[in-house]
Structure formats: structure tokens, C-alpha cells
Protein chains: 2
Amino acid sequence: MKQITKHIIKNSLKRIFLYRACLVRLKMMGVEKAFSYTLANETGVTSDQVRKDFSEFSIKGNKRGGYDINDLLEKMENIFHRNKYHNIVLIGMGNMGLALSKYSKFVQRNMNIVATFDIDPFKQKLRSDIPVYSMGRLKEIIDRFSVKVAILAVPEISAQEVADELIRHGIKGIVNFAPALLKVPPDVIINNVNLCDELESVIYYVHKLMKV
Amino acid sequence: MKQITKHIIKNSLKRIFLYRACLVRLKMMGVEKAFSYTLANETGVTSDQVRKDFSEFSIKGNKRGGYDINDLLEKMENIFHRNKYHNIVLIGMGNMGLALSKYSKFVQRNMNIVATFDIDPFKQKLRSDIPVYSMGRLKEIIDRFSVKVAILAVPEISAQEVADELIRHGIKGIVNFAPALLKVPPDVIINNVNLCDELESVIYYVHKLMKV
DNA sequence: GAATTGATGTGAAACAAATCACAAAACACA
DNA sequence: TGTGTTTTGTGATTTGTTTCACATCAATTC
């Protein structure tokens, strides 16, 4: 039933996001067409890989003509549901939560943090442009804004408890910043972001590279 | 020479970090021995995988006796250089940089942000317990504290420029929070953390799961 | 102290991901 | 219209990762 589901995000999906960012840049520069090797050069992969990745997501270009950037971006917006707004809740207004609540890139990509939550009543007024509610109002807000995805930035100790509550109220995906492995039903997507591990990984590879 | 090097952190390394976190928890609970399936259950993988991962990093246990937790943690500390202190610099004291500078888990793991930097002179006093310097003092600090790893939390537009400067002063590893692909020499480790992509990935998988 | 049990460690097998190689399509131009 | 060129899209191959299967060892029991 409840289990540790490490829904590892596929590398091909991450690469697709890179391609898109690159296409957006090219478009801003007035470019209209891109080839697989254009994207490959810009993102540090091979052109084969670009095409294979597109193939995986059924994205098609024009033989010889490459890819029409506008067309491609539109297809991607559909595939990644970017044409709709996505309402997000953020739980935990500590340092990290506060920073995330102010992170403007989310809004630029149609992902709106509609409300934040914290158990500390002091933080409930003070900290942000986005309303900060007590946990008691979680269900009400999730229902009102049809929220399906949450950002979890609470301390490790309460992460599981809060995740359970979120899932009980209908949340189906969580980006988890707490260094805890959440036990969740198999139909809930978890994406763990562990900042210590990210930093420590770099330290490890730096040492390794310096030794050789 | 300079190129986009996406040093993707290996999944096996990430799992090793999970095992270690799990071992630390077990130790705190007074447990002294662990088996491959203990770690497997706690981290949501198979016991085969635990053993294979250990094998990759030449970590050995005792046949039949499983793993002595103290012994195992000590071995890991050596492998991951946790017995030493690691001095880190953080560039960019915006929302995210500020939050990272206050993130106490880094210190708990012997990773010390010795100084932070920002171009904005206003931020140079105000924001943190850790000193905030102007970019001009970067080289001095890097040299004084033998810093090899940096956290980059500057806006996308200046990410490449700052990265170049860091590398010029001897930085060998960067955790990059800017949504930009950095072009660096092949002996520099880059770990990109893209918060938008992390969130968007979850949205994608949630939609996919709800459709099926 | 031999037999049994329970765990590790690692080659072999199965699976997944990336690269290669080339047929098919579209355009250019004679 | 036909020939040459360029680029896509995708089977085939290679490479990498995970799972399987079992030999090996250490502890326990008879």
C-alpha cells in the first residue's frame, strides 16, 4: 500500500526541458528554425539523442526542414500542460520555503503558488506576498484551487506527517525538499530534492578528479 | 576546450547517500548491525542493489554477519571525504542564496559556507550571519580558505560570467541554481539544480498518471 | 566438528539507454 | 521531371545498469 516510491525523473525528460529552454532563447533571438544539431550543440548532447528524445515524446519535425521553433514550442506546451495554469501549495515557510515562495520563475512557467502554510502563527502573517495560512485551512485551499501538486519544505521530522495529510486531501505530486524518504501510495509522484546530497556529490567528484 | 559538461551525478552515488542517511538514523536508534535488506527496505530498493552499489564503491561487509554500522559509516566518511571540512563559497545573495546561506544541514555535514558574495552593496551588509563580500574579494577568500567548490545562485544572465571568474580563481566544482547551461573546462564538475524543471517534471508525471 | 542456515559478493543474464547507420522524405536546382 | 543534398526518424548495435543466481563464507546447531 504505502511504500517508498522513488519516482526518479527520467533523464530524457530533463533533456527535453533543456531543449525547450534553448528553443525559447533562440526564438527571442529571432530564429525561426532549429535543427537537431543546433539543439545538440546548445545543450551538450548529440544530435542523435535529440531526435531519439523527440521520438520518445512523439515530437515530429520536417525532413530536411528541421524544426519550426514556434511549432515545436507549441507541441511541447501541450505535452507538458504548459497551456494551463497549475496551482501549487507550499508547505513550510522556513528559509527555503520563503525563498521558493518568492521564486519568480515558477510564475513565468504558469506554475502558481496559490497559498503557503506553516504551523508557526508568527510566520502566518509576516513573510510573503503570497498568503501564509495555518495548516487547518489546507483542505479548503486545496479544494478551492483544485491543487494537485505541493512543494514540501518542512523539517525532516514532520515531513511524513505533512505528506500524509496532503495526500489525504487529494495531492498527487510532491516536490520534497526535506531529507526524508516519504512513504506514499503508488499513485503519488514524489520528487526528492536533497541539497546536501547535491553539494556532497560535487565534492566527491571534485576529489576524484583531482586524485587521478 | 570550454564545453558544456553535464556531469550527471550517478544514481548509484545518490543511493549511497540514502543508505548513509539511513545508517545514521539506525545508529541513533541504538542499532549496531544492518543487513543489505534492512537498508533496502528503508530506502525502497532491492537488497541486490544495495550490495552491488557497495561493491561499486568497494565497501565490504561480513558474510552472514551483515554490516557493522559504525564500521560502515566510518568507511563511508573516508570515501566521501566527510572526515575533513570543506570550505564553500556562495555567489548571489538573492532569495535562494540567502536561504542556502542559512541552510544548517550543510554545516552538519562538514560543508561550511565560509563567505558569500553579491554585486549589490546593500546586500553586502544586511542579510546574513555569514559575511557577504563584494565580488572583488573573491580571489582573496578562495585562496585563504582553499575553496574548491562553489554554489552559484546568481541570475541566469550573469551565471556564465561568474562561473568563468570562479574557475579562473581555482574553483573545481559548482552547484548551479541558475537555469543556464554553463560552458566550462572538462576538469570542472557542474551539478545543475533547476527548480522549475523539478516542479514541472512532477506536474508532467501527475498528469500522465491521472490519464491512464 | 559436521551439517545447516543465512548472509555477502560477484559473475551471468536481462533489461534499459545511448549511439550508430541508413532509408525515407523534402527541398534545390538544373 | 530528375538528380543531388540535407536532415529527419527509427531499426540495429553497443554500452551501461539492474536483476538474478549461486558460490562463498561465517555463525549456529546437533
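Chain identifiers are assigned alphabetically (A, B, ...) following the order of the sequence lines, protein sequences preceding nucleic acid strands; residue numbering begins at 1 within each chain.
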Taking atom types as they are modelled, is there a donor-acceptor pair under 3.5 Å from the base of D:dT5 to the side chain of A:R64? yes
Would the base of D:dG16 count as contacting B:K10 through its side chain, where contact means a donor and an acceptor less than 3.5 Å apart? no
What contact category does [X] fall into here, base, sugar-phosphate, or nothing, at under 4.0 angstrom with non-hydrogen atoms?
{"X": "A:K60", "result": "sugar-phosphate"}
{"X": "B:Y37", "result": "sugar-phosphate"}
{"X": "A:G65", "result": "nothing"}
{"X": "B:S47", "result": "nothing"}
{"X": "B:T46", "result": "sugar-phosphate"}

If only side-chain N and O atoms count, and only distance matters, is there a donor-acceptor pair under 3.5 Å linking B:Q160 with B:D164? yes
Which one, [options], comes nearest to the side chain of [X]?
{"X": "A:D48", "options": "C:dG6, C:dT8, C:dA21", "value": "C:dA21"}
{"X": "A:K52", "options": "C:dG9, C:dT10, D:dT10", "value": "D:dT10"}
{"X": "A:R51", "options": "D:dT7, C:dA21, C:dG9", "value": "C:dA21"}
{"X": "A:Q49", "options": "C:dA24, D:dT10, C:dA18", "value": "C:dA18"}

For B:N110 and B:R82, indicate whether the former's side chain and the latter's backbone hold a donor-acceptor pair under 3.5 Å. yes
So does B:Q49 get a backbone contact from the side chain of B:T46, meaning a donor-acceptor N/O pair under 3.5 Å? yes
Does [X] make a side-chain N or O approach to OP1 or OP2 of [N] shorter than 4.0 Å?
{"X": "A:R15", "N": "C:dA18", "result": "yes"}
{"X": "A:Y67", "N": "D:dG9", "result": "yes"}
{"X": "A:S36", "N": "D:dT8", "result": "yes"}

Ring-plane angle category for B:H81 and B:H86, please: parallel below 30°, perpendicular beyond 60°, tilted otherwise. perpendicular
Take the angle between the ring planes of B:Y103 and B:F106 and call it parallel below 30°, perpendicular above 60°, tilted in between. perpendicular
What is the distance from CZ of A:F35 to P of D:dT6, rounded to the nearest Å? 11 Å
